[in-house]
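We count residues from 1, following the sequence as given.
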Amino acid sequence: MPKKLILAAIALAAAAPMASAADLPTPPAEADSGWSITFAPYVWAAGMDGKVAQFGLPEVDVDASFSDVLNHFDIGLMGAGEARYGRFGVATDLLWVKLSADADTPLGLLANSVDAEVETLMFTAVGSYSLFLDETANLDIVAGGRVWSVDTDLDFKGGLLGGQTASDGDTWVDPLVGLKGRANFTPEFYITGWGLIGGFDVSSEFMWDVMGGLGYAPSDGFSIVAGYRGVGVDYRNDGFVYDVVQHGPILGFVFNF
């Protein structure tokens with residue numbers, strides 16, 4: 001197989017999860033206020049660096065910007081939601097991204113070109129309990145899991161390998177725990193964020209996820225959040241390596257019902 005093309009596909013696979021959604025903390029409320037629902041789509045303009053490996057090849061260094069991802073973006077589905085009753089809540093975060101790229105091979109002997117297609121899924125589900133909750137602030141403890149899935153497909157065009165395909169990838173689940181919360185400065189402005197750790201060598205050796213942001217709420221049912229988020233994961237299994245750190249600014253839109 002053309003090694004340079006496969007390494008390019010690996011780099012593309014590693015870059016796939018850079019635009020994502022995640023669970024934003026629900027605005028403070030009284031403990032006996034009944035059910036509340038939050039939906040929070042947002043864009044995470046993250047860059048990434050780390051080491052990855054697929055297709056039995058050695059680890060390669062990856063250093064990509066958010067613009068690199070946009071150049072290969074095909075389609076994506078991103079969104080988060082949370083349902084709370086008093087101090088208890090459940091939240092989910094779904095990210096599915098499909099990227100593609102093609103390139104000519106050197107000399108065109110084994111193949112004239114290779115098409116690479118990458119699908120990445122990151123799904124998080126947690127339960128939460130408010131250690132502190134009133135009209136101005138909340139602090140929640142959370143526990144749950146995160147499913148990761150990375151799949152890379154190669155399609156060779158022309159040459160000796162013309163018509164041949166190759167696939168590699170892996171799926172794993174990481175347990176996680178952490179804290180998330182929010183505090184109001186004024187009725188309109190607030191700070192919000194979370195800190196999560198997980199993996200614990202169950203699947204990944206370790207993973208972490210932190211975010212801090214400033215929110216503006218022009219009404220009770222809607223707010224805008226701008227901040228910064230970083231995520232790291234170190235997963236290795238039978239030659240598949242995904243040891244990356246992603247970080248960058250986020251902009252979110254929070255709808256409360």
Side-chain angles (χ1 to χ4, degrees), residues 17 20-42 44 46 77-96 120-134 136-150 170-184 190-213 215 225 227-237 242-247 250 252 254-257:
S20 73
D23 51 312
L24 293 175
T26 300
E30 296 182 2
D32 59 353
S33 59
W35 284 101
S36 64
I37 306 294
T38 300
F39 175 63
Y42 69 87
W44 180 29
L77 179 62
M78 312 166 198
E82 183 173 28
R84 294 178 64 100
Y85 187 85
R87 292 181 178 269
F88 296 91
V90 291
T92 60
D93 171 12
L94 172 66
L95 159 68
W96 172 72
T120 299
L121 172 73
M122 186 172 72
F123 177 76
T124 307
V126 299
S128 65
Y129 176 77
S130 294
L131 301 174
F132 175 81
L133 175 65
D134 66 14
T136 62
N138 71 291
L139 178 64
D140 298 350
I141 185 171
V142 302
R146 175 170 293 173
V147 179
W148 307 77
S149 182
V150 178
D170 208 344
T171 300
W172 66 99
V173 180
D174 287 330
L176 62 85
V177 296
L179 297 171
K180 67 183 181 75
R182 165 177 165 160
N184 289 353
Y190 61 92
I191 57 173
T192 183
W194 63 76
L196 309 173
I197 59 173
F200 310 118
D201 219 12
V202 175
S203 292
S204 299
E205 292 184 14
F206 189 70
M207 60 147 286
W208 56 270
D209 187 340
V210 296
M211 191 284 288
V225 177
Y228 202 88
R229 184 187 185 191
V231 174
V233 61
D234 184 0
Y235 175 76
R236 302 164 186 270
N237 180 41
Y242 195 80
D243 181 9
V244 300
V245 173
Q246 304 167 66
H247 56 90
I250 63 171
V254 185
F255 300 88
N256 303 307
F257 305 95

For Phe88, all residues meeting ring pair (Phe, Tyr, Trp, His ring centres under 6.0 Å), sequence neighbours excluded: Tyr129
Value rounded to 0.5 Å, distance of CG in Leu139 from CG in Leu133: 10.5 Å
Validation row: Gln246, Trp44 side chains within 4.5 angstrom (heavy atoms): yes
Residues that Trp208 engages under side-chain hydrogen bond (donor to acceptor under 3.5 Å, both in side chains), provided they are two or more places apart: none
side-chain contact (heavy atoms from CB on, under 4.5 Å) evaluation trace for Trp194 with Arg229: CA-CA 9 Å; Trp194 63 76; Arg229 184 187 185 191; 3.7 Å; yes
Smallest separation among heavy atoms of Ile37 and Ala83, with atom names: CD1-CB, 3.6 Å
Thr192 side chain reached by Met211 side chain, heavy atoms, under 4.5 Å: yes
Heavy-atom check, side chain of Val177 versus side chain of Ile197, under 4.5 Å: yes
From CA spacing to verdict: side-chain hydrogen bond (donor to acceptor under 3.5 Å, both in side chains), Asn256, Thr38: CA-CA 5 Å; Asn256 303 307; Thr38 300; 3.3 Å; yes
Flag side-chain contact, heavy atom, 4.5 Å: Pro175 against Phe200: yes
Full working for side-chain contact (heavy atoms from CB on, under 4.5 Å) between Val231 and Val245: CA-CA 6 Å; Val231 174; Val245 173; over 6 Å; no
Contacts of Ser130 that satisfy side-chain hydrogen bond (donor to acceptor under 3.5 Å, both in side chains) - sequence neighbours left out: Arg84, Asp140
Pairing residues for Asp170 by the side-chain hydrogen bond (donor to acceptor under 3.5 Å, both in side chains) criterion, not counting sequence neighbours: Tyr235, Asn237
Where Ser204 and Asp174 come nearest, the two heavy atoms and their spacing: OG-OD2, 2.7 Å
From Leu179 atom CG to Leu131 atom CG, the distance as rounded to the nearest 0.5 Å: 7.0 Å
Heavy-atom side-chain proximity of Leu176 to Thr124 below 4.5 angstrom: yes
Working for side-chain contact (heavy atoms from CB on, under 4.5 Å), residues Arg146 and Asp209: CA-CA 11 Å; Arg146 175 170 293 173; Asp209 187 340; 2.9 Å; yes
Qualifying residues under side-chain hydrogen bond (donor to acceptor under 3.5 Å, both in side chains), relative to Ser128, sequence neighbours excluded: none
Exam field: side chain Ser203 to backbone Val173, donor-acceptor pair closer than 3.5 Å: yes
Any Trp148 side-chain heavy atom under 4.5 Å of Val150 side chain: no
All ring pair (Phe, Tyr, Trp, His ring centres under 6.0 Å) counterparts of Phe255, not counting sequence neighbours: Phe222
Verdict with reasoning, Leu196 to Val210, per side-chain contact (heavy atoms from CB on, under 4.5 Å): CA-CA 6 Å; Leu196 309 173; Val210 296; over 6 Å; no
Nearest atoms (heavy-atom pairs only) where Val225 meets Gly213: CG1-CA, 4.3 Å
Reported OH-to-CE distance for the pair Tyr242 and Met207, which is rounded to 0.5 angstrom: 12.0 Å
